[in-house]
Protein chains: 2
Amino acid sequence: MYRTHTCGELRIQDKGRKVTLAGWVQKSRRLGGMTFIDLRDRYGITQLVVEADAPALLVETATSLGREFVIQIEGEVVERQSKNPKMPTGDIEIKTDKINILNKSITPPFTIEDESDGGEDIRAKYRYLDLRRGPLKKALTLRHKVAHEVRNYLDAKGFLEIETPYLIKSTPEGARDFVVPSRMNPGQFYALPQSPQTFKQLLMVAGYDRYFQIVRCFRDEDLRADRQPEFTQIDCEMSFVEQEDVLNTFEGMMRTLFKNVLDVDIPNPLPRMSWYDAMDRYGSDKPDVRFGMTIHEITSAAKGKGFGVLDGAAYIGAICVPGAAEYTRKQIDELTEWVKRPQVGAKGLIYIKVNEDGTYKSSIDKFYGPEDLEKIASAAEASKGDLILIMSGDNIRKVQTMLGVLRIEMGGRLGLRDPKVFAPLWIVDFPLLEWDDETQRFYAMHHPFTAPKPEHEKWFYSNKKEDLERVCANAYDFVLNGTELGGGSIRIHNADVQKRMFEVLGIGAEEAEYKFGFIINAFKFGAPPHGGLAFGFDRVCSLFGGSDSIRDYIAFPKNNQGRDVMIDSPSQIDREQLDELRIDIRADE
Amino acid sequence: MYRTHTCGELRIQDKGRKVTLAGWVQKSRRLGGMTFIDLRDRYGITQLVVEADAPALLVETATSLGREFVIQIEGEVVERQSKNPKMPTGDIEIKTDKINILNKSITPPFTIEDESDGGEDIRAKYRYLDLRRGPLKKALTLRHKVAHEVRNYLDAKGFLEIETPYLIKSTPEGARDFVVPSRMNPGQFYALPQSPQTFKQLLMVAGYDRYFQIVRCFRDEDLRADRQPEFTQIDCEMSFVEQEDVLNTFEGMMRTLFKNVLDVDIPNPLPRMSWYDAMDRYGSDKPDVRFGMTIHEITSAAKGKGFGVLDGAAYIGAICVPGAAEYTRKQIDELTEWVKRPQVGAKGLIYIKVNEDGTYKSSIDKFYGPEDLEKIASAAEASKGDLILIMSGDNIRKVQTMLGVLRIEMGGRLGLRDPKVFAPLWIVDFPLLEWDDETQRFYAMHHPFTAPKPEHEKWFYSNKKEDLERVCANAYDFVLNGTELGGGSIRIHNADVQKRMFEVLGIGAEEAEYKFGFIINAFKFGAPPHGGLAFGFDRVCSLFGGSDSIRDYIAFPKNNQGRDVMIDSPSQIDREQLDELRIDIRADE
């Protein structure tokens with residue numbers, strides 16, 4: 001071993017101890033003939049001092065050290081003259097007798113500090129240097145801890161971690177697969193799994209009634225910011241359970257994570273909200289409940305004053321932004337422009353200021369007198385000082401969604417979205433089916449194996465559209481601070497229910513056989529009732545770390561073009577490889 | 001929850017308890033009007049009984065149950081009339097009041113028993129049914145346990161599990177890569193990692209001084225029996241360590257595994273054997289030391305009697321097979337044929353029987369008198385009753401290897417290779433370089449980043465072939481019962497040593513830059529001294545389970561053609577997928 005201690009562990013109690021340390025030179029400086037060196041490793045930073053009267057060779061070595069040199073030193077722990085209370089090792093320094101340069105370093109392209117001077121691109125290229133910085137070390141350490149706690153919790157609950165294959169089969173449903181040409185089977189391809197969904201259901205058929213896996217998944221999607229072509233899931237499935245059992249088990253897991261990783265107590269039991277409530281009140285199926293500012297329907301209060309935009313709308317909704325009655329015209333104009341951007345898609349924004357003196361000022365004063373405005377304010381449950389923001393339209397869910405986006409924005413602007421505050425909850429009672437106007441058919445909101453609630457069976461077997469729209473699924477999402485961290489469902493295990501589901505979705509017997517034949521066949525051999533869920537592990541880690549970016553929580557992430565700029569991948573391969581695989585790359589058209 | 005208890009947990013102490021169980025019908029039988037049902041789940045089997053005087057509907061349901069039906073039952077725990085001491089639940093049965101058929105099953109294509117009547121192919125196709133069998137449940141449960149113990153041990157030692165990417169870059173060294181065409185970067189490919197070697201070394205450069213990962217690896221090799229295109233490694237790396245630190249750490253890990261998984265104590269410290277000793281005495285770099293029968297060099301004892309085959313050989317070696325002096329001529333002929341098979345490749349086999357009465361009988365009696373034979377027997381350290389088997393040749397290692405293969409075979413035939421006996425050891429002091437006669441150059445025995453032993457530096461910088469052949473590497477293998485379970489090395493962190501290594505291997509600066517430029521560049525920024533190793537996780541599990549087959553320890557393995565016959569993969573993909581990827585499949589030539 002090149003060291004007796006790490007750079008993070010020596011304290012004043014160690015005074016007088018002879019130690020050997022090894023690490024990287026964070027920085028060095030001379031002061032009155034003395035040389036001070038900050039030595040860094042994974043565990044912290046310890047200050048070294050080489051006295052002015054030390055042997056000349058030692059002083060020379062000490063002064064020759066560049067940033068990021070790797071050194072091994074020997075010396076004695078002494079009390080510092082001027083202590084640094086910000087550093088855990090700040091009470092001591094090492095009076096250094098010996099320096100052994102283990103490796104030199106050329107000058108790094110950016111500073112290895114908590115706040116680096118390097119831009120995103122250069123840091124991505126030299127990821128192995130960026131990973132030396134404190135925030136990334138903290139992120140990866142947290143990730144390890146979260147994974148370890150997940151495993152301990154699930155192991156204690158009798159779950160088995162079972163590895164499922166990565167070289168599987170391309171399926172015609174869902175997102176785009178990454179495929180892998182098979183050399184041994186020319187013209188044929190494996191696919192990388194988008195999730196182990198099929199395999200975990202097979203494991204239920206096989207009797208492994210509590211399965212989990214922390215597993216990589218792959219999706220060849222056009223990448224949005226913060227989407228990765230490969231990502232990690234905590235994937236779980238249980239047999240002989242009802243929805244309540246799944247929720248309790250994984251609520252317990254999340255409670256343990258919050259406690260053991262962050263020392264945060266979350267409510268027991270966790271709040272649950274129906275999908276309908278979430279949409280009505282938050283305009284989102286992943287509501288951020290750290291703050292109020294909920295949506296109020298004001299349809300009846302706002303109609304009938306001759307203002308065509310509202311009179312003609314099927315739905316009118318409002319949020320009340322506290323303290324924003326002070327907003328200037330310019331601020332409101334900016335907000336109006338903001339909601340008109342295609343990302344939100346609103347046609348406009350109506351406002352009513354509820355002034356502190358009880359008067360109103362609105363963009364619809366022409367049509368609405370003070371009493372009319374008061375009626376609306378009352379319907380919106382506005383208080384003095386609130387700015388009421390109103391949207392309307394014919395598609396209720398669409399208007400609610402736009403109001404929800406606006407709500408999140410205003411919450412952010414008002415500083416109500418503190419990443420150190422955690423407000424987890426379950427969203428339950430999702431609709432089973434979504435009607436698509438364009439194709440005039442139903443789609444499965446989750447997937448075609450999600451079970452309808454048994455108590456909604458009568459609607460499920462009805463042929464009326466409005467009945468089918470009412471059927472809820474035994475599906476659930478775990479939502480934290482406006483982000484869906486996980487979700488799942490109770491699966492259909494009954495062949496008749498499955499048949500009916502395909503019928504409702506307009507999937508014929510032949511198509512069902514083609515798309516899902518394999519799993520349907522497996523289910524004929526005694527499938528138990530089962531259900532499960534999956535958590536987005538990268539996202540769990542980033543939210544636990546109080547960050548918006550999952551990239552900081554992945555050791556070697558890819559950029560928005562799906563490239564690893566550090567290793568410069570993907571890249572061309574050799575002609576011989578293509579020959580062996582018996583594939584050709586098409587010439588540019 | 002569909003059950004109050006599992007099918008493995010009820011005991012005589014639970015007598016009188018009302019319980020609900022769920023599981024699969026293992027079998028049912030009628031006996032004097034009563035119906036007995038064996039109900040199975042992951043945890044065991046519990047016997048249900050439906051009395052002859054039970055309600056007619058219940059009796060009817062009970063008698064209607066087919067094999068592998070999934071049922072839920074309610075009843076009372078009662079003491080059995082005739083107990084079954086072989087079953088943990090054998091003292092009780094459930095007097096059943098209610099049976100709820102959760103799912104029917106069509107007749108499975110083979111029996112779901114510990115010893116199935118199904119052949120390998122049919123069981124592979126219906127893997128989800130095969131996985132219901134006891135031995136596979138035990139195997140996967142053991143695998144979970146081993147992984148969990150590994151993680152707990154390494155976590156406690158300060159290791160971080162860090163996930164490295166699966167979509168990486170094809171490298172021109174090593175085995176064949178699986179590649180993944182990139183849709184977003186047409187004409188370019190990712191590769192699936194053969195191991196995270198580069199990334200773990202980068203993590204050392206990044207300062208994560210104790211890394212591990214239980215990780216999938218991929219190799220597109222022509223598959224031998226029991227090789228899988230995807231397999232799992234326990235991959236580990238440490239910084240600021242010497243070989244001794246790595247060996248101690250992972251010896252500790254294996255000791256913990258043996259203790260906590262198998263309740264087996266392995267020696268502390270573990271035996272170590274140099275590669276030279278292993279080759280000389282066992283003819284293998286992965287010796288099975290569960291039994292002796294070691295190789296003895298008898299070159300000088302056996303030469304000079306006018307027998308050309310031996311007189312002309314550079315090396316003559318022998319093993320003594322205890323008790324085999326009784327072998328008939330036929331048995332010895334069969335052995336001779338066995339060593340002449342191409343898998344062994346011997347030209348022939350000389351034998352000397354050391355009879356119990358002190359006389360000798362050999363295949364070389366024409367040239368060797370009793371005293372000559374006694375001299376050889378003495379050199380071979382033979383005892384009375386031994387059969388001495390002798391091979392010779394010019395390539396010492398080749399002869400030793402053939403004798404080693406013969407030794408393993410004889411050990412097997414004599415029942416000396418009990419899978420319940422565990423004899424782990426380290427093999428150390430591997431040669432750094434291997435001379436290849438054909439290309440007249442040296443190759444790295446492990447890989448070009450393996451460090452030479454510092455004490456052999458003078459030979460490493462010599463230009464004499466015999467000096468370079470003497471250089472040992474700081475490399476090590478963990479061997480158990482004749483199988484290499486893991487191996488690794490201390491890596492070169494010094495740029496000068498690396499440069500010399502490339503020089504010795506005849507890799508020019510340009511080639512080095514092309515093949516290894518990326519990692520060489522990263523090493524310029526302060527690489528710490530580091531080393532590590534990787535264990536073959538599938539193999540660790542199978543040996544711990546006392547099995548030769550890793551396939552039983554993988555939930556969904558592939559066959560020897562790299563196919564998953566259950567999901568029928570690899571398979572053809574859609575024309576549109578090829579279009580999007582901008583690749584074509586070549587027409588058959």
Do [X] and [Y] come within less than 4.5 Å of each other through their side chains, counting heavy atoms only?
X        : Y        : answer
B:Val70  : A:Phe240 : yes
B:Asp568 : A:Phe518 : no
B:Phe178 : A:Arg183 : no
A:Arg210 : B:Arg42  : yes
A:Phe556 : B:Ile168 : no
A:Pro570 : B:Ser170 : no
A:Ser569 : B:Gln188 : no
A:Met566 : B:Phe199 : yes

Under 4.5 Å from any heavy atom of chain B - which part of [X]:
X        : value
A:His493 : both
A:Tyr126 : side chain
A:Phe537 : side chain
A:Lys524 : both
A:Ser182 : side chain
A:Phe212 : side chain
A:Met1   : both
A:Thr198 : neither
A:Asp579 : both

Just so I understand: if I count every heavy-atom pair under 4.5 Å between each of [options] and chain B, which residue has the most?
options                                : answer
A:Arg133, A:Met238, A:Glu221           : A:Glu221
A:Ile106, A:Thr6, A:Val241, A:Leu202   : A:Ile106
A:Asn152, A:Leu192, A:Leu203, A:Val246 : A:Asn152
A:Gln72, A:Gln577, A:Arg3              : A:Arg3
A:Glu244, A:Glu580, A:Arg40            : A:Glu580
A:Glu68, A:Lys104, A:Glu163            : A:Glu163

Restricting to non-hydrogen atoms, name the atom on [X] and the atom on [Y] that form the minimum distance, rounded to 0.1 Å.
X        : Y        : answer
A:Pro165 : B:Arg216 : CA-NH1, 3.7 Å
B:Phe525 : A:Arg132 : O-NH2, 2.7 Å
A:Trp24  : B:Val205 : CZ2-O, 3.9 Å
B:Asn103 : A:Ala527 : ND2-O, 2.7 Å

Practice task
Evaluate the criterion side chain to side chain contact (heavy atoms under 4.5 Å, CB included) for residue pair B:His144 and A:Phe159; output intermediate values, then yes/no.
Solution key: CA-CA 9 Å; B:His144 164 78; A:Phe159 283 76; over 6 Å; no
Under a 4.5 Å cutoff for heavy-atom pairs, which residue among [options] has the most contacts with chain A?
options                      : result
B:Gln228, B:Arg563, B:Gln572 : B:Arg563
B:Pro529, B:Gly66, B:Ala147  : B:Pro529
B:Ile554, B:Asp222, B:Leu136 : B:Asp222
B:Leu102, B:Ile214, B:Asp220 : B:Asp220
B:Met184, B:Glu230, B:Arg143 : B:Glu230
B:Val179, B:Leu160, B:Ile585 : B:Leu160

Problem - Test log, rule salt bridge (Lys or Arg N to Asp or Glu O under 4.0 Å), inputs B:Arg586 and A:Asp584 - result: CA-CA 7 Å; B:Arg586 293 190 195 167; A:Asp584 286 312; 3.1 Å; yes
Practice task
Could you tell me whether the side chains of B:Asp564 and A:Tyr190 share a donor-acceptor contact shorter than 3.5 Å?
Solution key: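 Distance-only check fails for B:Asp564 and A:Tyr190.
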Practice task
State whether a side-chain donor-acceptor pair under 3.5 Å links A:Tyr43 with B:Asp209.
Solution key: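 B:Asp209 and A:Tyr43 do have a side-chain donor-acceptor pair below 3.5 Å.
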Handout entry: Any donor-acceptor pair under 3.5 Å from A:Tyr208 side chain to B:Leu131 backbone
Key =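 It does hold such a pair.
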Practice task
Anything under 30° is parallel, anything over 60° is perpendicular, the rest tilted; go ahead and classify B:Tyr166 against A:Tyr166.
Solution key: tilted
Practice task
Would you check, one step at a time, whether the test side chain to side chain contact (heavy atoms under 4.5 Å, CB included) holds for A:Phe218 with B:Leu167?
Solution key: CA-CA 9 Å; A:Phe218 305 85; B:Leu167 295 173; 4.2 Å; yes
Exercise for the section: Apply salt bridge (Lys or Arg N to Asp or Glu O under 4.0 Å) to B:Asp155 and A:Lys145, showing your working. Expected result: CA-CA 9 Å; B:Asp155 176 74; A:Lys145 172 91 173 149; over 6 Å; no
Practice task
Check step by step if salt bridge (Lys or Arg N to Asp or Glu O under 4.0 Å) holds for A:Glu161 and B:Arg151.
Solution key: CA-CA 12 Å; A:Glu161 184 160 23; B:Arg151 288 191 163 102; 3.5 Å; yes
